[in-house]
Amino acid sequence: MKFTDLGLDERLLEGIDAMGYETATPVQQQVIVPILEGKDIIASAQTGTGKTAAFLLPLIHQLLTHPHETHDINAMIIVPTRELAIQIAETMEGLSYFTSVSSIAVYGGGDGTSFATEKKALTQGVDVVICTPGRMIAHLNMGYVKLKGLRYLVLDEADRMLDMGFNDDIMKIISFLPRDRQNLLFSATMPPKMREMARKILHEPVEINIAVSKPPEKIIQKAFIVYDAQKVAIIKDILSTKSFQRAIVFCSKKQNVKQLSQELKRAKLSIEQIHSDLEQSQREQVLQDYRNKKIKILVATDILSRGIDIEDIDLVINFDVPNDGEDYIHRIGRTARAESTGTAFTLVSEKEQNKLAQIEVLLGQPVPKGNVPEEFGPTPEYNPRKPRSGSGGGGGKKRFSRQRKQQ
DNA sequence: AAAAAAT
């Protein structure tokens, strides 16, 4: 299905064309029409599937074709991270380039001038606001945000926002909004807490299910069963011998990002790190340098595991096994975007074997194990404890914790 | 068990 078949406004089609979009992705095909019909939506869809355009396009179209209050905020998009807010704002700018629809990203960590700029827009009116929760609340508490005309609310990566403890913040923001509005909720997963939130916010939503909790098959996955102490040397080896366009190395802790970055820099690898301890301006600089290919390797926390869309990442390395199985799928999903293929390596220490086993349960299949070259020395066996499969079936006995023996 | 998010 082509975008030209969807009956979208001419000015919007120009923007779509300029962005190089032609064919609607499955998410877009399923979501755009019900949004244009004014329905509330609850959609499970992962990023990289064209999800952002799936809600931006009908939003912009409605604003172009329906009379609306130009001195108010008409649509609010709430997202979990600053980087995601920036990215969506950029897509918004591109798509709406040939239209009169205005937009702004509202998020914390700026240098002081950003707050004033945001305040001006929120006071004088801007069609679409893309925000992180805390910063939006800061503005709302000041009492100047023009919300009377708001007719659209989008919650993106909603499950992630719940994980991050934004439930109360989101409900607080919503308490400021007019009741008569269209609500769009996007979430990779639908745990009970998510359902509960959806029930409070959405009105007779159309349910759309696209996300399969499975990574695309075109990603070549390999897990290396290793000792903790071998990890750094192996990463160095991969990064210096394997050829790739762009690589990203994920760690589960900021501390690990910092340490590993130091080690890699010492090995003369051209890398940058990104995590929330950096100044916001540094975060943006690093991401820009990475997008511009000034640097090819990024070492990151899960701040980048969801939502961030960068082309040509063909190598993802998990220095740590992610804590959450869903995060594994999100992390490796940074590669093999659109038409391309990619490789995802995961280094698994002895302590992390059980986590990998959990992930394999979620995937419904084992992650192929890779062989570590002999030069790195002997490696441990893969011998995880049987992963628990939810609420125990068949009245299994509680297992006593094994004695710990350190060698 | 850790990440991120308001000043």
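As a basis for the values below, the full set of heavy atoms in this structure was taken, side chains included, without hydrogen atoms, waters or symmetry mates. Letters A, B, ... mirror the listed sequences (proteins, then strands); counts begin at 1.
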Does a side-chain N or O of [X] approach OP1 or OP2 of [N] to a distance below 4.0 Å, or not?
{"X": "R160(A)", "N": "dA3(B)", "answer": "no"}
{"X": "R82(A)", "N": "dA6(B)", "answer": "yes"}
{"X": "R283(A)", "N": "dA5(B)", "answer": "yes"}
{"X": "T81(A)", "N": "dA3(B)", "answer": "no"}
{"X": "K355(A)", "N": "dA1(B)", "answer": "no"}
{"X": "S252(A)", "N": "dA3(B)", "answer": "no"}

Report which part of the nucleic acid [X] touches: base, sugar-phosphate, or nothing (heavy-atom distance under 4.0 Å, all strands).
{"X": "G165(A)", "answer": "nothing"}
{"X": "D163(A)", "answer": "base"}
{"X": "N323(A)", "answer": "base"}

Quick one: [X] [atom1] to [N] [atom2], roughly how many Å, whole number?
{"X": "K254(A)", "N": "dA5(B)", "atom1": "NZ", "atom2": "P", "value": "9 Å"}
{"X": "Q273(A)", "N": "dA3(B)", "atom1": "CD", "atom2": "P", "value": "13 Å"}
{"X": "Q280(A)", "N": "dA4(B)", "atom1": "CD", "atom2": "P", "value": "11 Å"}
{"X": "Q358(A)", "N": "dA2(B)", "atom1": "CD", "atom2": "P", "value": "17 Å"}
{"X": "Y328(A)", "N": "dA2(B)", "atom1": "OH", "atom2": "P", "value": "22 Å"}
{"X": "D168(A)", "N": "dA5(B)", "atom1": "CG", "atom2": "C1'", "value": "14 Å"}
{"X": "I78(A)", "N": "dA5(B)", "atom1": "CD1", "atom2": "C1'", "value": "13 Å"}
{"X": "D159(A)", "N": "dA3(B)", "atom1": "CG", "atom2": "C1'", "value": "14 Å"}

Selection from dA6(B), dA2(B), dA5(B) that lies nearest to any side-chain heavy atom of K253(A) =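 Taking heavy atoms from C-beta onward, the closest nucleotide is dA2(B).
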Go through dT7(B), dA5(B), dA4(B) for me and flag the one nearest to the F166(A) side chain.
->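 Given the options dT7(B), dA5(B), dA4(B), the side chain of F166(A) is closest to dA5(B).
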Should D320(A) and K231(A) count as side-chain neighbours, where that means a heavy-atom distance under 4.5 Å?
->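 Yes, side chains in contact.
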Could you check whether atom [atom1] of [X] has more than 12 heavy atoms from other residues, nucleotides or ligands sitting under 6.0 Å from it?
{"X": "E37(A)", "atom1": "CD", "result": "yes"}
{"X": "K293(A)", "atom1": "NZ", "result": "yes"}
{"X": "Y97(A)", "atom1": "OH", "result": "no"}

If the plane angle is over 60° it's perpendicular, under 30° parallel, otherwise tilted; pick one for F55(A) and F186(A).
->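 Judged by the thresholds at 30° and 60°, the geometry between F55(A) and F186(A) is tilted.
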